[in-house]
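Structure first, commentary second.
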Amino acid sequence: QVQLVESGGGLVQAGDSLRLSCAASGRTFSNYDMAWFRQAPGKERTIVAHIGQTGGTTYTANSVRGRFTISRDNAKNTLYLQMNSLKPEDTGVYYCAAKASVVRIITPESYDVWGQGTQVTVSS
């Protein structure tokens, strides 16, 4: 199966932007639905955004809609999350996840491959 490695996290101030990347290797990247999840300390892991295998369909959680954009480059085997107008409540560990043909895209249990996560901290 595919292996995933996230990068791009860091410490930023409210209103700043970050772009997260998730590099995939091992299997054909374009065969997988991809998603970004995040987990704040003491809280459950929740969906941030999902993108279909070709990039033609996307879903973005209400809490980040209009500020975050998910995209993928199948030629580069890479998933992205552009995060603008960051808020302190966006703080958490961000994970990319993969699954061939996800049905319930917002549920973490639907995905069977996970990266190690990258920390995003937004100060006020």
Side-chain angles (χ1 to χ4, degrees):
Q1 61 186 6
V2 69
Q3 291 82 45
L4 306 173
V5 178
E6 302 96 335
S7 62
L11 172 62
V12 297
Q13 294 187 332
D16 285 351
S17 298
L18 277 176
R19 189 175 80 156
L20 305 184
S21 298
C22 172
S25 62
R27 288 294 183 108
T28 304
F29 179 64
S30 59
N31 288 345
Y32 290 83
D33 282 41
M34 299 296 298
W36 288 99
F37 285 78
R38 68 185 180 189
Q39 189 166 21
K43 295 189 176 181
E44 295 182 346
R45 193 170 298 189
T46 58
I47 185 80
V48 176
H50 165 273
I51 189 166
Q53 296 169 3
T54 65
T57 58
T58 61
Y59 164 85
T60 308
N62 288 340
S63 59
V64 303
R65 194 166 296 158
R67 300 187 296 121
F68 291 12
T69 303
I70 188 171
S71 62
R72 65 190 296 163
D73 186 337
N74 286 345
K76 295 183 178 180
N77 294 339
T78 305
L79 174 73
Y80 302 101
L81 184 69
Q82 179 66 44
M83 306 187 293
N84 298 329
S85 302
L86 282 160
K87 303 177 181 180
E89 51 263 44
D90 294 321
T91 293
V93 179
Y94 283 69
Y95 299 89
C96 63
K99 171 71 176 181
S101 300
V102 173
V103 176
R104 299 188 66 183
I105 64 172
I106 68 171
T107 305
E109 292 75 15
S110 297
Y111 298 82
D112 55 11
V113 183
W114 292 84
Q116 83 288 350
T118 186
Q119 176 71 44
V120 173
T121 303
V122 185
S123 63
S124 58

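By the salt bridge (charged side-chain N to carboxylate O under 4.0 Å, His left out) test, Arg65 pairs with no residue at all, sequence neighbours left out. Partners of Gln119 by side chain to side chain contact (heavy atoms under 4.5 Å, CB included), not counting sequence neighbours, listed by chain and number: Thr91, Val93, Thr121. Judged as a side chain to side chain contact (heavy atoms under 4.5 Å, CB included), and not counting sequence neighbours, the contacts of Asp73 are Ala75, Lys76, Tyr80. Listed by chain and number, the residues in a side chain to side chain contact (heavy atoms under 4.5 Å, CB included) with Glu44 amount to none (sequence neighbours excluded). With sequence neighbours excluded, the residues that form a side chain to side chain donor-acceptor pair (under 3.5 Å) with Asn74 are Arg72. Partners of Asp33 by salt bridge (charged side-chain N to carboxylate O under 4.0 Å, His left out), not counting sequence neighbours: none found. Scored by the side chain to side chain contact (heavy atoms under 4.5 Å, CB included) test, Gln39 finds Arg45, Tyr95 as partners (sequence neighbours excluded).
Val48 belongs to a hydrophobic cluster whose remaining members, ordered by chain and number, are Val2, Leu4, Val12, Leu18, Leu20, Phe29, Tyr32, Met34, Trp36, Ile51, Val64, Phe68, Ile70, Leu79, Leu81, Met83, Leu86, Tyr94, Val113, Val120, Val122; membership requires side-chain heavy atoms of ILVMFWY residues under 4.5 Å apart, directly or through intermediates.
Taking each heavy atom of Pro108 and Ile106 in turn, the nearest pair found is CD-O, 3.6 Å. Residues Ser63 and Arg38 share a closest heavy-atom pair of OG-NH2, 3.6 Å. The two residues Ala14 and Pro88 have their closest heavy-atom pair at CB-CD, 4.1 Å. In terms of heavy atoms, Ser21 sits closest to Thr78 at CB-CG2, 4.2 Å. Across all non-hydrogen atoms, the minimal contact from Gln1 to Gln3 is O-NE2, 2.7 Å. Between Ser17 and Gln82, the shortest heavy-atom distance links the atoms CB-NE2, 4.0 Å.
Note: Cys22 SG to Glu6 CD = 5.0 Å, rounded to the nearest 0.5 Å. Here the straight-line distance linking atom CG of Leu11 with atom OG of Ser123 works out to 5.5 Å at 0.5 Å rounding.
Listed by first then second residue, pairs satisfying ring-ring contact (aromatic ring centres under 6.0 Å, His included) with a partner in residues 42-61 number zero, not counting sequence neighbours. The list of salt bridge (charged side-chain N to carboxylate O under 4.0 Å, His left out) pairs with a residue in residues 94-117, not counting sequence neighbours, reads Lys99-Asp112. Annotation: disulfide (SG to SG under 2.5 Å) contacts involving residues 24-80, sequence neighbours excluded, are absent. For residues 18-29, no residue pair satisfies the salt bridge (charged side-chain N to carboxylate O under 4.0 Å, His left out) rule, not counting sequence neighbours.
For Gln53 (side chain) and Asn31 (main-chain N/O), a donor-acceptor pair under 3.5 Å exists by modelled atom type. At distances below 3.5 Å, at least one donor-acceptor pair connects side-chain atoms of Thr54 with backbone N or O atoms of Gly56.
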Checklist entry - For Val102 and Tyr111, what are the C-alpha separation, side-chain angles and deciding distance, and is it a side chain to side chain contact (heavy atoms under 4.5 Å, CB included)? => result CA-CA 7 Å; Val102 173; Tyr111 298 82; 3.6 Å; yes
